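Side chains included, hydrogens not; waters and symmetry mates left out as well; all remaining heavy atoms used. Chain letters run A, B, ... following the sequence lines, proteins first, then strands; residues in each count from 1. None of the values given here were measured: they were computed from a predicted structure.
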Protein chains: 2
Amino acid sequence: MIDPRLVTLRVFARCGTVGATAELTGYSPSAVSAQLRELQRVLGMQLLVKDGRGVRLTATGRFLVAGSDTLIAEWERLRAAAMEAGDQVQSSFGLGGFSTAAAQLLAPLAATLRSTRPLLKVQVLEADPARCFDLLVAERIDLAVIVAMQSDTFGEDDPRFEQTVLLDDPLDVIIPCEHPFASRETVTLEELASEPWITDAAGSTYHSLFTAAFTAVGVTPRIAHEAVEWETQIAFVGAGLGVGLLPRLAPLRSAENVVRLRITGRGKPTRRIVAAARRGSIGSPLIQESLEILQVSANRILRARPEDGL
Amino acid sequence: MIDPRLVTLRVFARCGTVGATAELTGYSPSAVSAQLRELQRVLGMQLLVKDGRGVRLTATGRFLVAGSDTLIAEWERLRAAAMEAGDQVQSSFGLGGFSTAAAQLLAPLAATLRSTRPLLKVQVLEADPARCFDLLVAERIDLAVIVAMQSDTFGEDDPRFEQTVLLDDPLDVIIPCEHPFASRETVTLEELASEPWITDAAGSTYHSLFTAAFTAVGVTPRIAHEAVEWETQIAFVGAGLGVGLLPRLAPLRSAENVVRLRITGRGKPTRRIVAAARRGSIGSPLIQESLEILQVSANRILRARPEDGL
DNA sequence: ATCGATCATGCACCTACTGTGCACGGTTCT
DNA sequence: AGAACCGTGCACAGTAGGTGCATGATCGAT
């Protein structure tokens, strides 16, 4: 209901270049340029100035973008309330989430919605958390499932988003079948202090999660190998190259001769998974229903004993 | 910046029929019908139901319209603030007002704006107060000058509008040149109690103003003739048919052998003239400047002595 | 009961907005 | 200097959204 050109401007305010805005919104760069030009004409304001080989927001432009946060939130709130008041449904629904969430949480959610609401067009996009926020602003998706990171620039109080905690996903340890601990059910991080560890490259979200888990118990792990994908890491462990941490949500196929153990003791590392939506839209019946379904899925997975993955 | 279809829905909520909405917005009835249908499709809500030979808002529709008041106001506020922050001007500006205001206040305002802001497209529409409010909602005009009536359904606290008092326009008495009081400068209503009066038909806004003036001083005037236009009333008085009340803003040509006297004594009847705009937009520099110009015009007219009209 | 008036809507048609693809000029980094 | 990148103008195309007329439905008046 808000003019799509204003939405485009907001996306531009986040990524700073016309090209990136085009990529995020799905338009061509020419279209973004034309939209921004038209927006300035309609409003009678100069919103952009040339800056080097790019363009930059003017003070007026920044002011407008900042103020539009409450406008967007107001509209989302109104639409959600009207939806609830009229017990009606929207026609399309976009979901976004990072890999694990997309596979374990969003896929069943989309399937459930597809059966309970046959005429709702559901679209799922896999994207990392930062891009999920971009996609929310661009209105490409309506709900995102992400890992809450302390390093995130989006706080709880960002006027553009509203977040609710979905679940705390515990990290398990995976070790090779041949490992002396393979028959145990639980283990502490201290017991594994001298093991060769497998994790992601420094700088990734998983790596910071990894180090945080060990600093919490005062252990310095020896990092032997690096793997980006869970599948790769599991394969490394299965090959006896070392041990690793695996979120409980990440599935483990039985063929992979790897054992998953729960962590006990002082340090019980978890990653917090939250759902994010545009501020104001959280009350929408569709989003509320989605959150409930997500909770059910998450609890069902978490209740499963770690040995089930063997 | 708000979707024009939502604006159309708001206009429909006020006048109740597709045809009237088309007339107010400037669209054709087919276009209004298509817009409302499209709006329901996009939002996934049923906003209208057939009702006899017309259509009626559903509960959801009424809810949406009511809630959109704050949304519109929020946008107007944001735009006005951005305008002020950036010291920029809009490209078009619509003015509305009733007959006297249009001639005496809006015409000079439009002329001034045309000279101070050459590239601003100014449009003036003459319309009675009720229609002015409709035109404000329809975004055909941005500022309206109207007579405040106690019978108006639009209170000071209407979430859609914002009003500021422009001036209190005193009512003068007009009498024939041959009248014994013609050489005086002031008169009281009591002195004219037995005169034959000329006013508008019962039910008009002027008529209620007329009776209110006399009930304030406890006099019951004898209504001899009825006239709708000021010009007609003045002609009646000039022909010696009676006396009448004339707002000071209404001009008096010297050729009309009629004398204008100020009213003194307990009852000093006035009509309150206010400016109205969409809520939130009152801070816009263009509207602020317009209000100042209107004040200047009004004061200049009011300072003129009543004899000047002879 | 019938006829006319009124109201919303569907349809055919057309205009004009808006997006795409490509080429170009300007700017920065190496 | 040359290459890479960024934004923008232009020709073209598709489609959203406008008008005008005809139609069906409903209400009021004769």
Side-chain angles (χ1 to χ4, degrees), chain A residues 1-58 60-62 65 91-92 121 134-135 138-140, chain B residues 1-58 60-62 64-65 91-92 121 134 138-140:
Chain A
M1 203 48 35
I2 308 297
D3 193 304
R5 292 168 298 193
L6 183 60
V7 177
T8 301
L9 181 73
R10 289 165 55 79
V11 176
F12 175 85
R14 279 191 46 69
C15 52
T17 76
V18 171
T21 308
E23 195 277 329
L24 261 171
T25 55
Y27 290 121
S28 69
S30 320
V32 171
S33 180
Q35 279 192 17
L36 296 179
R37 181 155 28 91
E38 189 63 12
L39 185 64
Q40 295 180 88
R41 198 192 61 78
V42 168
L43 296 181
M45 307 177 187
Q46 185 172 356
L47 303 173
L48 303 168
V49 285
K50 294 174 71 168
D51 180 40
R53 56 184 163 185
V55 288
R56 182 172 44 86
L57 281 180
T58 63
T60 311
R62 278 192 301 274
V65 169
S91 60
S92 70
K121 303 184 70 174
D134 288 342
L135 290 169
E139 300 191 355
R140 290 275 296 276
Chain B
M1 203 49 34
I2 308 297
D3 194 305
R5 293 169 296 194
L6 182 60
V7 178
T8 302
L9 181 73
R10 288 165 55 80
V11 176
F12 175 85
R14 280 193 42 72
C15 54
T17 76
V18 170
T21 307
E23 195 277 330
L24 262 170
T25 55
Y27 290 121
S28 68
S30 318
V32 171
S33 181
Q35 279 192 17
L36 296 178
R37 180 154 29 90
E38 190 63 11
L39 186 64
Q40 296 180 87
R41 197 192 62 78
V42 169
L43 295 181
M45 307 178 187
Q46 185 172 357
L47 303 172
L48 304 168
V49 284
K50 295 176 68 168
D51 179 41
R53 56 183 163 183
V55 289
R56 181 171 44 86
L57 281 179
T58 64
T60 311
R62 278 192 301 275
L64 187 66
V65 169
S91 61
S92 70
K121 304 185 70 174
D134 288 342
E139 300 191 355
R140 290 275 297 275

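Of all the heavy atoms in Thr25(B) and Ala138(B), the pair that sits closest is CG2-CB, 4.3 Å. Of all the heavy atoms in Asp51(B) and Arg56(B), the pair that sits closest is CG-NE, 3.4 Å. When all heavy atoms are compared, the tightest approach of Thr60(B) to Gln46(B) is CB-O, 3.9 Å. The heavy-atom pair separating Leu57(B) from Ala13(B) by the smallest distance is CD1-CB, 3.7 Å. Scanning all heavy atoms of the two residues, the minimum distance from Arg5(A) to Leu39(A) falls at O-CD2, 3.8 Å.
On the nucleic acid side, DNA chain C has its first and last nucleotide under 4.0 Å of a heavy atom of chain B at dA5(C) to dG10(C), going 5' to 3'.
As a whole-Å value, the separation of Arg41(A) CZ from dG9(D) P is 14 Å. Between Arg53(A) atom CZ and dG2(D) atom P there is a gap of 18 Å when expressed in whole angstrom units. Separating the CG atom of Leu9(A) from the P atom of dG7(D) is a distance of 14 Å, rounded to the nearest angstrom. Regarding Glu38(A), its CD atom lies at a distance of 15 Å from the C1' atom of dT8(D), rounded to whole Å. Residue Asp51(A) contributes atom CG, which lies 14 Å from atom P of dC6(D) at whole-angstrom precision. Between Lys50(B) atom NZ and dT26(D) atom P the separation is 7 Å, expressed in whole Å. One can place CD of Glu23(B) at 13 Å from P of dT19(D), the figure rounded to the nearest angstrom.
Looking at residues 29-37 of chain B, you'll see Pro29(B), Ser30(B), Ser33(B), Arg37(B) sit with a heavy atom under 4.0 Å from some atom of DNA chain C.
Of the residues listed (Val11(A), Leu9(A), Leu6(A)), the one engaging Val65(A) in a side chain to side chain contact (heavy atoms under 4.5 Å, CB included) is Leu9(A), and it is the only one.
Within the nucleic acid shown, Thr17(A) comes within 4.0 Å of sugar-phosphate atoms alone, with no base atom in reach, counting heavy atoms only.
Applying the side-chain contact (heavy atoms from CB on, under 4.5 Å) test to Ala22(A) and every residue at least two apart in sequence or in another chain returns Pro29(A), Val32(A).
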Working for side-chain contact (heavy atoms from CB on, under 4.5 Å), residues Val49(B) and Val55(B): CA-CA 6 Å; Val49(B) 284; Val55(B) 289; over 6 Å; no

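At a threshold of 4.5 Å between non-hydrogen side-chain atoms, the residues Leu47(A) and Leu36(A) do not count as touching.
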